[in-house]
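Here the structure is laid out as structure tokens; the discussion comes afterwards.
Note that ligands are numbered from 1 as they come in the structure, with each ligand's atoms numbered from 1 the same way.
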Amino acid sequence: MLSTLYKFPFAFAIVYYGVIPLGYLTKWWTTDDKMKGNSTILVTGGAGYVGSHTVVELLNNNYSVIAIDNLVNCYSNGQNEKPESLKRVEKITGETVTFYNVDIRDREALDKIFKLHKIDSVIHFAALKAVGESVQIPLTYYQNNIAGSSTLFEVMAKNGVKSLVFSSSATVYGNPQFLPITEEHPTGQGCTNPYGKTKYFVEEILKDVCASDADWKVVLLRYFNPVGAHESGLIGEDPSGVPNNLMPYISQVAVGRREKLTVFGSDYRTPDGTGVRDYIHISDLAVGHLKALEKMLDPSFASWKAYNLGTGRGYSVLEMVKAFAEASGKQIKYELAARREGDVAACYADATLAKNELNWTATRDIKDMCKDTWKWQKTNPKGFQKS
Ligand SMILES: NC(=O)c1ccc[n+]([C@@H]2O[C@H](COP(=O)([O-])OP(=O)(O)OC[C@H]3O[C@@H](n4cnc5c(N)ncnc54)[C@H](O)[C@@H]3O)[C@@H](O)[C@H]2O)c1
Ligand SMILES: CC(=O)N[C@H]1[C@@H](OP(=O)(O)OP(=O)(O)OC[C@H]2O[C@@H](n3ccc(=O)[nH]c3=O)[C@H](O)[C@@H]2O)O[C@H](CO)[C@H](O)[C@@H]1O
């Protein structure tokens, strides 16, 4: 049966998927994943903010990419349309992205993809990520992020694919007990919201999976605060509704979509009283995933390992406002307000381990982060949706 599948992927696709946009079939029919130099990577949540930027780096580095996404948090012209972010990725790279509108909780659909393609590794981004929303609808978050991840891992194991990079977050460290935060910092204890807990729980699941089967290789990447956009200005962060995070809020003030920024807290024990974070350019973050894939090919790499991805340098809210005003030439109106519940005063990484073991270090500074965000925002004031 399997050999038939590989010989006749076209027919298989029609039988199992019914109506599929012709482009995808053409891709299956004409492109042998192995024709490219590097390996084939399944990217879950590939149409999202971090996913799309990582797909650019993968394609630029000769990997073949199979992207899946259920479109819950990305813009598409229709259920059978490739998401706009991935169309833009194709424009940037000149390469085609194979895309499936699939939910990671859909075991059968996932299994078919693993059987259609010879997948070498998985980069797992797909998740719901709004902290406030996760407090309102925790079961949805546990179902999507934990049950979804566990289904994905089961399908991977069944198909003999046991190499994974997981999108984790500095949120697993909770309220920092020391700064800068190293990977040795305790995790899980201070996770105060369901979203943060899902990151911690999935990390724990993966550690157990590695302990049970020595064939698994897992890299947990703990992101600090990803910001910025691809230097082309073609892809970037596209939050729906009012942005929760600082950088997209500032850029929407600059472009005139919002009147002013509310600065949450000016009485923290930080140099100017506002919260300090380790902002990292999204393209640097994306490169970190390629370094993680390379690391897992090292014969000495076994089981799992966690790495911080940050710059190691913290910036306050007011420093970010100033840097963005300089990059955009726009005045950023703001007002000082009370602290936001759940916020910590300061959080920044010790990224030495990633430097030493992944040969990765952030290369873009705060000016690049603001310049690229502004380029994306001013050329796409409404994000990917054109009108
Ligand atoms: N952006 C950040 O600030 C940040 C920080 C730390 C960690 N992370 C993690 O990085 C990953 C990517 O984040 P992002 O900022 O790109 O978010 P995003 O929402 O832009 O991308 C996630 C993508 O996953 C898709 N998705 C969600 N649930 C799915 C499901 N069940 N099946 C298939 N697709 C699904 C969404 O449609 C979306 O396109 C997430 O796991 C997130 O928790 C993000
Ligand atoms: C509690 C919370 O949401 N945590 C998430 C948020 O971390 P952070 O809270 O670190 O990121 P953020 O961008 O929401 O906030 C950064 C800093 O800006 C401040 N700020 C933010 C928005 C605003 O309108 N005004 C303002 O002053 C905020 O108080 C903090 O000091 O985002 C991260 C990704 O980037 C992770 O997803 C975290 O889990």
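The hydrophobic clustering, which links ILVMFWY residues whose side-chain heavy atoms are closer than 4.5 Å, places L128 and L152 apart. Hydrophobic clustering keeps W374 apart from I282 (ILVMFWY residues linked when any side-chain heavy atoms are closer than 4.5 Å, directly or through intermediates).
Counted by atom type alone, D111 and N159 present one or more donor-acceptor pairs between their side chains at under 3.5 Å. Side-chain contact annotation: E133 with Y195, donor-acceptor N/O pair under 3.5 Å absent. The closest side-chain donor-acceptor pair between S121 and S163 falls under 3.5 angstrom. With hydrogens and angles left out, the side-chain atoms of Y307 and E183 include no donor and acceptor closer than 3.5 Å. Looking only at atom types and distance, the side chain of Y223 has a donor-acceptor partner in the side chain of S167 under 3.5 Å away.
Remark: ligand 1 atoms within the under-4.0 Å shell around heavy atoms of V72 are 26 (N), 27 (C), 28 (N), 36 (C), 37 (O). When each atom of ligand 1 is checked for a heavy atom of S169 under 4.0 Å away, the hits are 6 (C), 7 (C). Short contacts between ligand 1 and K199, defined as distances under 4.0 Å to a heavy atom of the residue, involve ligand atoms 40 (C), 41 (O), 42 (C), 43 (O). Atoms of ligand 1 found under 4.0 Å from any heavy atom of C74 (numbered from 1 in listed order, with element): 39 (O). For ligand 1, the atoms closer than 4.0 angstrom to any heavy atom of S168 are 6 (C), 7 (C). Close approach to L261 involves these atoms of ligand 2, each under 4.0 Å from a residue heavy atom: 23 (C), 24 (O), 25 (N). Remark: ligand 2 atoms within the under-4.0 Å shell around heavy atoms of V263 are 27 (O).
When the heavy-atom distances from atom 27 (O) of ligand 2 to Y334, F264, Y49, Y223 are ranked, the shortest goes to F264. Of the candidates G51, S167, A127, A127 brings a heavy atom nearest to atom 22 (C) of ligand 1. Across D106, N70, I68, L309, heavy-atom proximity to atom 29 (C) of ligand 1 is greatest for N70. Looking at D69, L128, V202 and measuring to atom 37 (O) of ligand 1, the nearest heavy atom belongs to D69. Of the candidates L71, L86, I104, the one placing a heavy atom closest to atom 32 (N) of ligand 1 is I104.
Between K87 and E81 a salt bridge is recorded (basic side-chain N to carboxylate O distance below 4.0 Å).
Regarding atom 15 (O) of ligand 1, its nearest protein heavy-atom neighbour is K129 NZ, 2.7 Å. The closest protein non-hydrogen atom to atom 6 (C) of ligand 2 is N245 ND2, 3.5 Å. P226 CD, 3.3 Å is the protein heavy atom nearest to atom 3 (O) of ligand 1. The protein non-hydrogen atom at the shortest distance from atom 21 (O) of ligand 1 is G48 CA, 3.4 Å. Protein heavy atom nearest atom 15 (O) of ligand 2, with residue, atom name and distance: R340 NH2, 3.5 Å. Closest to atom 43 (O) of ligand 1, if we only count protein heavy atoms, is Y195 OH, 2.7 Å. Closest to atom 22 (C) of ligand 2 among all protein heavy atoms lies N244 O, 3.6 Å. For atom 19 (O) of ligand 1, the nearest protein heavy atom (residue, atom name, distance) is N73 ND2, 2.7 Å. Ranking protein heavy atoms by distance to atom 10 (O) of ligand 2, first place goes to R277 NE, 2.5 Å. Summary of contacts: the protein heavy atom closest to atom 44 (C) of ligand 1 is Y223 CD1, 4.0 Å. Nearest non-hydrogen protein atom to atom 2 (C) of ligand 2 is V131 CG2, 3.6 Å. The protein atom (non-hydrogen) at minimum distance from atom 28 (N) of ligand 1 is N144 ND2, 3.1 Å. In terms of protein heavy atoms, atom 13 (O) of ligand 1 is closest to V50 CG2, 3.8 Å.
For V317, every heavy-atom contact with ligand 2 shorter than 4.0 Å involves the side chain, none the backbone. Looking at L246 against ligand 2, both its backbone and its side chain come within 4.0 Å, counting heavy atoms. Residue contacts with ligand 2 for Y315 are absent, since no atom lies close enough (heavy atoms, distance under 4.0 Å). Only the backbone of T262 comes within 4.0 Å of ligand 2, counting heavy atoms alone; no side-chain atom from C-beta on gets that close. Residue contacts with ligand 2 for N193 are absent, since no atom lies close enough (heavy atoms, distance under 4.0 Å).
Ligand 2 has Y195 within reach: a non-hydrogen atom of the residue lies less than 4.0 Å from it. Under a 4.0 Å heavy-atom criterion, K129 is not in contact with ligand 2. Residue contact annotation: Y279 has a non-hydrogen atom under 4.0 Å from ligand 2.
For atom 36 (C) of ligand 2, the nearest protein heavy atom is 4.0 Å or more away.
Here the side chain of Y141 pairs a donor or acceptor atom with the backbone of A130 at under 3.5 angstrom. At distances below 3.5 Å, not a single donor-acceptor pair connects side-chain atoms of D372 with backbone N or O atoms of H230.
Centroid-to-centroid, the aromatic rings of Y100 and H117 come within less than 6.0 Å.
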